[in-house]
Amino acid sequence: KEHKFENIIFESDFFALYNKHDKNNLYGVWSQAKQCQELFTFLNNQAITIWGIDNKLHSSYSKKEFPQALSNFLDEQKIDFTKRYISIVDSILKFEFNLNDLMEKEDLQYFDEETNRILSYSKLSEREFWHQAIKNLKSCSITYRAKDLKLSIEERDKQMADNLDFFANSYPNKKFIVWAANAHIAKTNSEYMGE
């Protein structure tokens with residue numbers, strides 16, 4: 001209050017919290033924690049907006065809304081896509097870290113090729129939110145598929161940093177508090193910290 005912060009960014013679902021600033025779109029480790037309930041009451045009473053930087057589209061909101069919203073956006077922008085692509089997106093969000101076991105390699109390869117094609121669409125960068133959301137989709141699929149935990153963490157941290165950069169550039173006049181797990185933000189030489 002003293003420093004006039006009106007926004008807080010959590011290590012949670014970028015897409016969901018951009019569209020619905022609701023604590024239910026946060027990881028339960030914070031939204032359900034007894035230790036955080038006073039914080040959420042304060043944020044609500046002070047009309048503080050909750051945002052997210054996590055690349056993982058983990059919330060029930062994203063699992064339900066993202067595939068159709070993506071389909072609608074691509075249709076509006078006249079970017080070619082197939083029902084197969086949207087179906088694969090839906091499966092990626094549903095299967096998460098079980099992707100390698102539950103999806104065909106050919107489908108994941110198709111997803112990668114189509115996502116890269118969509119990201120290369122020249123006018124996509126003009127739609128900043130969707131450009132960032134699709135980069136998160138690509139990143140979360142890499143995070144879910146990485147066979148090496150270190151690579152998974154590196155990919156996730158890299159995209160979360162990119163998402164912070166997105167907020168800093170998209171809202172230069174807003175001040176944000178960033179709330180994340182120590183494992184992602186601590187300055188230490190621990191091997192666990194990866195990148």
Side-chain angles (χ1 to χ4, degrees), residues 1-70 72-73 89 92-94 96-97 127-144 149 152-190 192-195:
K1 279 174 71 173
E2 289 172 9
H3 293 282
K4 297 183 173 45
F5 282 91
E6 296 177 343
N7 299 275
I8 184 167
I9 298 176
F10 279 86
E11 177 197 320
S12 274
D13 194 322
F14 171 85
F15 176 81
L17 287 158
Y18 189 93
N19 289 291
K20 191 173 182 187
H21 309 283
D22 187 322
K23 80 169 192 170
N24 293 321
N25 291 324
L26 296 170
Y27 285 116
V29 69
W30 295 307
S31 64
Q32 303 303 313
K34 181 180 174 185
Q35 299 92 329
C36 292
Q37 295 316 301
E38 186 179 349
L39 168 67
F40 288 114
T41 298
F42 174 81
L43 296 179
N44 189 51
N45 290 342
Q46 299 300 317
I48 304 298
T49 304
I50 300 172
W51 305 85
I53 55 164
D54 203 329
N55 69 334
K56 294 190 292 180
L57 302 159
H58 66 83
S59 69
S60 57
Y61 177 90
S62 284
K63 290 178 190 309
K64 181 181 176 198
E65 301 293 334
F66 184 84
Q68 187 60 55
L70 176 61
N72 293 344
F73 170 74
V89 168
I92 288 170
L93 303 189
K94 189 186 315 175
E96 295 183 342
F97 288 101
R127 299 296 303 272
E128 293 173 359
F129 165 72
W130 272 106
H131 185 233
Q132 197 68 19
I134 295 168
K135 285 180 6 183
N136 276 273
L137 172 65
K138 177 181 178 179
S139 178
C140 87
S141 79
I142 294 168
T143 298
Y144 291 151
L149 178 61
S152 178
I153 292 169
E154 287 173 7
E155 176 61 35
R156 187 168 168 226
D157 283 348
K158 183 176 73 172
Q159 188 59 47
M160 287 198 287
D162 189 62
N163 290 338
L164 278 176
D165 193 51
F166 166 83
F167 283 112
N169 290 313
S170 298
Y171 302 101
N173 298 320
K174 289 186 189 265
K175 293 168 66 173
F176 293 95
I177 292 173
V178 179
W179 179 292
N182 288 344
H184 294 287
I185 62 174
K187 293 183 180 179
T188 172
N189 288 325
S190 166
Y192 175 76
M193 292 296 290
E195 294 296 300

For [X] and [Y], take the angle between the two ring planes, folded into 0 to 90°, and tell me which bin it lands in: parallel under 30, tilted 30 to 60, perpendicular over 60.
X: Phe167; Y: Trp51; answer: perpendicular
X: Phe66; Y: Phe15; answer: perpendicular
X: Trp130; Y: Phe73; answer: parallel

Distance-only side-chain donor-acceptor flag, [X] / [Y], under 3.5 Å:
X: Ser12; Y: Asn25; answer: no
X: Asp13; Y: Tyr18; answer: no
X: Gln159; Y: Lys56; answer: no
X: Glu155; Y: Ser139; answer: yes

Restricting to non-hydrogen atoms, name the atom on [X] and the atom on [Y] that form the minimum distance, rounded to 0.1 Å.
X: Ser59; Y: Ala16; result: OG-CB, 3.2 Å
X: Thr49; Y: His21; result: CG2-ND1, 3.3 Å
X: Tyr27; Y: Arg156; result: OH-NH2, 3.8 Å
X: Trp179; Y: Cys36; result: CZ2-SG, 4.1 Å
X: Phe97; Y: Thr143; result: CE2-O, 3.6 Å

Kindly determine whether Asn136 and Asn163 satisfy side chain to side chain donor-acceptor pair (under 3.5 Å), including the steps that lead there.
CA-CA 8 Å; Asn136 276 273; Asn163 290 338; 2.8 Å; yes
Hey, could you give me the [atom1]/[atom2] distance between [X] and [Y], rounded to the nearest 0.5 Å?
X: Ile153; Y: Lys158; atom1: CD1; atom2: NZ; result: 14.5 Å
X: Leu57; Y: Ser62; atom1: CG; atom2: OG; result: 5.0 Å
X: Ser31; Y: Ile50; atom1: OG; atom2: CD1; result: 9.0 Å
X: Asn7; Y: Lys174; atom1: CG; atom2: NZ; result: 5.0 Å
X: Glu11; Y: Asp157; atom1: CD; atom2: CG; result: 8.0 Å
X: Asn55; Y: Leu137; atom1: CG; atom2: CG; result: 10.0 Å

message = Whether Glu96 and Lys63 form a salt bridge (side-chain N of Lys/Arg under 4.0 Å from carboxylate O of Asp/Glu) is what I want to check.
response =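 Yes, this pair counts.
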| message | Ile177 vs Ile9, test: side-chain contact (heavy atoms from CB on, under 4.5 Å). Steps then yes/no. | response | CA-CA 6 Å; Ile177 292 173; Ile9 298 176; over 6 Å; no
With side-chain contact (heavy atoms from CB on, under 4.5 Å) as the criterion, how do Val178 and Ile8 come out once you've worked through the C-alpha distance, each side chain's angles and the decisive distance to 0.1 Å?
CA-CA 6 Å; Val178 179; Ile8 184 167; over 6 Å; no
Exercise. Could you give me the CA-CA distance, side-chain angles and deciding distance for Ile53 and Phe14, then say whether side-chain contact (heavy atoms from CB on, under 4.5 Å) is met?
Key: CA-CA 5 Å; Ile53 55 164; Phe14 171 85; 5.7 Å; no
Check this for me: Lys175, atom NZ, are more than 12 non-hydrogen atoms of other residues, nucleotides or ligands nearer than 6.0 Å?
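Counting other residues, nucleotides and ligands, NZ of Lys175 exceeds 12 neighbours.
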CD (Glu38) with more than 12 external heavy atoms under 6.0 Å |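 Counting other residues, nucleotides and ligands, CD of Glu38 stays at 12 neighbours or fewer.
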Heavy-atom check, side chain of [X] versus side chain of [Y], under 4.5 Å:
X: Asn19; Y: Phe129; value: yes
X: Ile92; Y: Tyr144; value: yes
X: Ile142; Y: Lys138; value: yes

- Task: Please lay out, stage by stage, how Lys1 and Phe42 fare under the test side-chain contact (heavy atoms from CB on, under 4.5 Å).
- Result: CA-CA 10 Å; Lys1 279 174 71 173; Phe42 174 81; 3.8 Å; yes
Practice task
Can you sort out the partners of Asp162 under salt bridge (Lys or Arg N to Asp or Glu O under 4.0 Å), two or more places apart, ordered by chain and number?
Solution key: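 Once residues adjacent in sequence are excluded, the partners of Asp162 under the salt bridge (Lys or Arg N to Asp or Glu O under 4.0 Å) criterion are Lys135.
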Original post:
Residues two or more places apart in sequence or in another chain: which of them pass salt bridge (Lys or Arg N to Asp or Glu O under 4.0 Å) with Lys20?
Top reply: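 Here no residue qualifies.
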